There are 2 protein chains.
Amino acid sequence: MITFDTRPDAYKHWKLTFDGPIATLSMDVREDAGLSQDYKLKLNSYDLGVDIELADAIQRLRFEHPEVRTVIVSSLKERIFCAGANIMMLRGSSHVTKVNFCKFTNETRLAMEDASAHSGLKFLAALNGICAGGGYELALACDDILLVDDGNSAVSLPEAPLLGVLPGTGGLTRVVDKRHVRRDLADFFSTLVEGVKGKRAVEWRLVDAVFPTSQFKAAVQTRAQALANASDRPNDGTPGISLNPLNPAVTPSSITYSAVSLTYNREKRTADLTVQGPSGPQPASVAEIVAAGDQFWPLRAFRELDDALLRLRVNEPEIGTIIIRTHGDPNAVLAIDALLVANRRHWLVREILHFMKRTLKRMDLTSRTFFAFIEPGSAFAGSLFELALAADRSYMLHDDDEQNVVALSPLNFDLLLMSNGITRLRTRFLHDDMKLAELIAHEGPFNAAEAEEIGLVTFAPDEIDWEDEVRVAVEARAAFSPDAMTGLEANLRFAGPETMETKIFGRLTAWQNWIFQRPNAVGAKGALQSYGEQGRPEFDWKRT
Amino acid sequence: MITFDTRPDAYKHWKLTFDGPIATLSMDVREDAGLSQDYKLKLNSYDLGVDIELADAIQRLRFEHPEVRTVIVSSLKERIFCAGANIMMLRGSSHVTKVNFCKFTNETRLAMEDASAHSGLKFLAALNGICAGGGYELALACDDILLVDDGNSAVSLPEAPLLGVLPGTGGLTRVVDKRHVRRDLADFFSTLVEGVKGKRAVEWRLVDAVFPTSQFKAAVQTRAQALANASDRPNDGTPGISLNPLNPAVTPSSITYSAVSLTYNREKRTADLTVQGPSGPQPASVAEIVAAGDQFWPLRAFRELDDALLRLRVNEPEIGTIIIRTHGDPNAVLAIDALLVANRRHWLVREILHFMKRTLKRMDLTSRTFFAFIEPGSAFAGSLFELALAADRSYMLHDDDEQNVVALSPLNFDLLLMSNGITRLRTRFLHDDMKLAELIAHEGPFNAAEAEEIGLVTFAPDEIDWEDEVRVAVEARAAFSPDAMTGLEANLRFAGPETMETKIFGRLTAWQNWIFQRPNAVGAKGALQSYGEQGRPEFDWKRT
């Protein structure tokens, strides 16, 4: 079973050091410390275990180190920055494992860009040596890329020419859509095994600057300081908060956290995911939020939800349908939302809000069906109602006494944006601004009839129909082709605009997944499978 | 060998009738007249042959019938509109054939929307019976959808639940992004084999209106007239022009038209595609353009180019790399462009410009590598320079006497938009408005050094290097994995914004192609392969 809990003093592959507002995150991958003993992580190549540490480091920099404004991403290996995802690892991985690996690495790189765009935490790639494939894709996620000009160090995306696959961590998309490398130059570059170095790398916009070895360190420091100066993170000695281990109780059929529980029914290929709303006294000010730290309900609950989604993805591939429920007092959720919105410019509240946003995105991008069941005693209000909006469908019990309600908060209208750059409500009511105005104008909660009428929930069966209707819905869903459901959901969930982020998960990932199924890559004589062995790969030459 | 030339009196599957400004295009598929005898086209199901006629009809309505303002799309079969793509045809098709089929049908439906958006030719789907899968996707491409309310007729997208594949002709995308069906309702609808009918179909926005059988014909006429009234097509008796057969000379290794030639080198998996610019006296006014009809150079050359691309796609799957050249007088092309731009509001000129646009889009969407070779005597100017901009790379010979030039016209800055909604120049210089201003300000042609410096071409080798450089580039390209090149090009060609159109070809098609490779669909026990046979499909339940 793969878990995602780690901490800096347990890192095997990264060193995190601090120098005032500048942190340095150095890659120093231990060859023999991969998640599996089937491969060696040579030349700073990486597997999921290396990336779990990277994701952890970025998350901790946001919450535990508000004083950090620039992160230098570099390597402790001589003349090697990073050789990219480990090829032997990819070759030995199942299709599902490949896809989950790419999804997580993509989410981690997007989290870096999210930190830069929204939290004033800037990233500087200091490429002190060869930077290939996923290594260059990591650099592309940074704000600036500096490359040493030593006559040898180059950036490259050799996946297509060497392995017959795509650079799968956003490389193609970021080259043209973020760095605005001309598409014809990008085409040439992406077929050049040896990559591009020196002045040409700058001219083509592949890197921001190159410096001779003798000047490289100083140039990195200068640029890191300049990035730090542009940051709006606190510089008054504000301490961070600690992200303590989640320590869920794990049984063969369940994971139980403080506010989240996940229970598997493997026979039916379903799971029950339940989120408990806040209870008891809650912070009423920023000072109390800071004092509560990682035990503050939204941070605690969403950290647990995030962890549950990740474990589900990598450890339970056959669980296709998730029933999501909430319990608690809707008004308590609304009060927390109001507190968050009122203090949204405070550094910690900002981090909490963006983390909630990222967790909900993780749900959008989880290739499992989600059905929300809204029953009496639930707390589908405000930020927790986003779980119902993120679900593929929602079923709300129309109870006879009409006590079962859902409610909206300002967080449903802003801040918790999807990857497509708009809210889930706006995606739901695409180009229907009148509907949004109507929802904003509505006072108080919505009972089941109201919620169905205005379109906040999919169906609202009454007490006579409820059991049968939801049972049939789940059974039918679980019987469909898992691949068809993945494709269906990937298309229906992301209505509306596309962004660089959705292009990475839509266009790029979908094509990569296709290639990951093709004999030209993964067949016995395919390019990925035969890389490093005698002889050339053999291709079916038909173009598709 | 599949060809794309047809004409209304040769149609096997459609009837095209006229009543003033309203044409009716009626589907009446002949069961025994499929492209192959391996399947029967029952219940108005279709194969590529049916769609080639549909594409031809739409094209002729634009050029030959400027008086037509509304096209009613209906069926001559009782109680059946269209059952969608023929399942036995899909089941028996290779992966490449499936993908090419979907691409062409998608282009045809987008051509309908293009006619509505830009040429005042509106489409009304008159669903007189069961409308399933690709049948409903055809309706979705229309401006309005009217459904008969007879207690039986429904619209449906049963592909996912029945066949384990996606509705592959834009259905999922159009449901949420064009018709703004709520995503949760779309999810439910797309898993419902029997579909949705009557009032619910209207409430969910799946159709625009339903009418009882007794009122249906009258309602269709009323709505068709209303659409016609909103059209800006000529209503003064202007005659159309005839689109005569192209009649290319075909040999085993070449297709030769009047202005276009395509020569295969199958051993090297390359082809040479050459376009001849205009020569001799050319029309100088709208009257002369109309008189020239389909022999007017841009219409003639682009019709030939379009046909060549289509034949290449379906008949030559192993030709991976196309070298594109032009011959002629660049100034003659620029003069034609100026004439087109000056008269762009004339109905025929408008049609010609939009057809040039669609042909260039067809090139963007052709999954083969294009390299443009710009050599002395070429005519890469204005609209023909779009071929170099559409290419994955361009190589321009830097000749000693600097006579080899490229040139821009207003058509490079507007009108010939890509699927992503912007020009190829803007896509090339994404977010670099200064560069576009510089290009607009430039007077006269660009020699090789200038074109390379400003970024209009990829490389400009001199006469000493030319032969080796272009030979190596082509040989290297032709040796790469065809799948990796398809994925690479699909990602790099469409930098910048995404539109509903690019989402159909990016997100939807890429996922569909993945599913078309998956054993859950196409394995011996897969849902597509086992449909209609005893027993249920067997799935690998792992979610990806």
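Everything quoted here is computed from the prediction, not taken from an experiment. Both backbone and side-chain heavy atoms feed into the values below; hydrogens, waters and symmetry mates do not. Below, chain A is the first sequence line, B the second, and so on; all start at residue 1.
In B:Glu194, the CD atom is crowded: over 12 heavy atoms of neighbouring residues, nucleotides or ligands sit closer than 6.0 Å. Other residues, nucleotides and ligands place more than 12 heavy atoms under 6.0 Å from the CD atom of A:Glu318. Heavy atoms from other residues, nucleotides or ligands lying under 6.0 Å from NZ of A:Lys435 number more than 12.
Of all heavy-atom pairs between A:Ser190 and B:Leu492, the closest is OG-CD1, 4.2 Å. The shortest non-hydrogen separation linking B:Thr544 to A:Val96 is OG1-CG2, 3.7 Å. Nearest approach of B:Asn520 to A:Ser481, heavy atoms of both residues: CB-OG, 3.8 Å. Closest of all the heavy-atom pairs between A:Ala510 and B:Ala510 is CB-CB, 3.5 Å. Taking each heavy atom of B:Gly506 and A:Trp511 in turn, the nearest pair found is O-NE1, 4.4 Å.
Neither the backbone nor the side chain of B:Thr97 comes within contact range of chain A; no heavy atoms are under 4.5 Å apart. When heavy atoms are compared at a cutoff of 4.5 Å, B:Val99 approaches chain A solely by way of its side chain, counted from C-beta outward. Within the 4.5 angstrom heavy-atom criterion, no atom of B:Met500 approaches chain A. Proximity to chain A (any heavy atom under 4.5 Å) is restricted, for B:Ile515, to the side chain, taken from C-beta onward. Neither the backbone nor the side chain of B:Leu162 comes within contact range of chain A; no heavy atoms are under 4.5 Å apart. Neither the backbone nor the side chain of B:Ala527 comes within contact range of chain A, judged by heavy atoms closer than 4.5 Å. There is no contact between B:Ser94 and chain A, counting heavy-atom distances below 4.5 Å. With a 4.5 angstrom heavy-atom cutoff, A:Leu389 touches chain B only via backbone atoms. Residue contact with chain A, scored on non-hydrogen atoms closer than 4.5 Å, is absent for B:Ala476. Heavy atoms of B:Ala473 lying under 4.5 Å from chain A are absent altogether. Heavy atoms closer than 4.5 Å to chain A are found in both the backbone and the side chain of B:Leu508. Both the backbone and the side chain of B:Phe494 come within less than 4.5 Å of a heavy atom of chain A. With a 4.5 angstrom heavy-atom cutoff, B:Phe539 touches chain A only via side-chain atoms. Contact annotation for B:Val181: neither backbone nor side-chain heavy atoms come within less than 4.5 Å of a heavy atom of chain A. For A:Thr502, the parts sitting under 4.5 Å from any heavy atom of chain B are the backbone and the side chain alike.
Donor-acceptor pairing under 3.5 Å is recorded for the side chains of B:Thr191 and A:Arg393.
Residue with the most contacts toward chain B among A:Pro161, A:Gly455, A:Gly320: A:Gly455 (heavy-atom pairs, distance under 4.5 Å). Of the listed residues (A:Ala479, A:Ala186, A:Ala160), the one with the most heavy-atom contacts under 4.5 Å to chain B is A:Ala479. Annotation: maximal heavy-atom pairing with chain B below 4.5 Å, among A:Lys103, A:Lys542, A:Arg269, occurs at A:Arg269. Contacts with chain B were tallied for A:Thr369, A:Thr499, A:Leu157; A:Thr369 has the most, counting heavy-atom pairs under 4.5 Å. Contacts with chain B were tallied for A:Gly496, A:Ala521, A:Ser394; A:Gly496 has the most, counting heavy-atom pairs under 4.5 Å. Annotation: maximal heavy-atom pairing with chain A below 4.5 Å, among B:Pro167, B:Pro537, B:Ala390, occurs at B:Ala390. Listed options B:Leu185, B:Thr458, B:Asn100, B:Ile319 were ranked by heavy-atom pairs under 4.5 angstrom with chain A; first place goes to B:Thr458.
In this structure, CZ on A:Phe459 lies 7.5 Å from CG on B:Asp184, to the nearest 0.5 angstrom. Summarising the geometry, atom CG belonging to B:Asp177 is positioned 7.5 Å from atom NE2 belonging to A:His431; distances are rounded to the nearest 0.5 Å. Note that OG1 of B:Thr486 is 8.0 Å distant from CZ of A:Arg518, once rounded to the nearest 0.5 Å. The CD atom of B:Gln517 sits 12.0 Å away from the CG atom of A:Asn513 when rounded to the nearest 0.5 Å. Atoms CZ and CG, on A:Phe516 and B:Asp483 in that order, are 12.5 Å from each other to the nearest 0.5 Å. Atom NE2 of B:His180 is separated from atom CZ of A:Arg428 by 15.0 Å, given to the nearest 0.5 angstrom.
For the pair B:Gln512 and A:Trp514, the minimum side-chain heavy-atom distance is 4.5 Å or more. Counting only heavy atoms from C-beta outward, the side chains of A:Pro482 and B:Asp540 never approach each other to under 4.5 Å. Using a 4.5 Å cut-off on side-chain heavy atoms (C-beta onward), B:Val176 and A:Leu430 make no contact. Residues A:Phe188 and B:Asp392 are not in side-chain contact: their nearest non-hydrogen atoms beyond the backbone lie 4.5 Å or more apart.
A donor-acceptor contact shorter than 3.5 Å is absent between the side chain of B:Asn491 and the backbone of A:Thr173. Checked by atom type and distance alone, the side chain of B:Arg182 pairs as donor or acceptor with a backbone atom of A:Val457 at under 3.5 Å.
Looking at A:Lys503 and B:Glu498, a side-chain N of the basic residue comes within less than 4.0 Å of a carboxylate O on the acidic one, giving a salt bridge. With salt bridges taken as basic N to acidic carboxylate O contacts below 4.0 Å, one links B:Asp187 and A:Arg477.
When each of A:Arg507, A:Arg183, A:Arg543 is paired with B:Glu489, the salt bridge (charged side-chain N to carboxylate O under 4.0 Å, His left out) condition holds for A:Arg543 and for no other.
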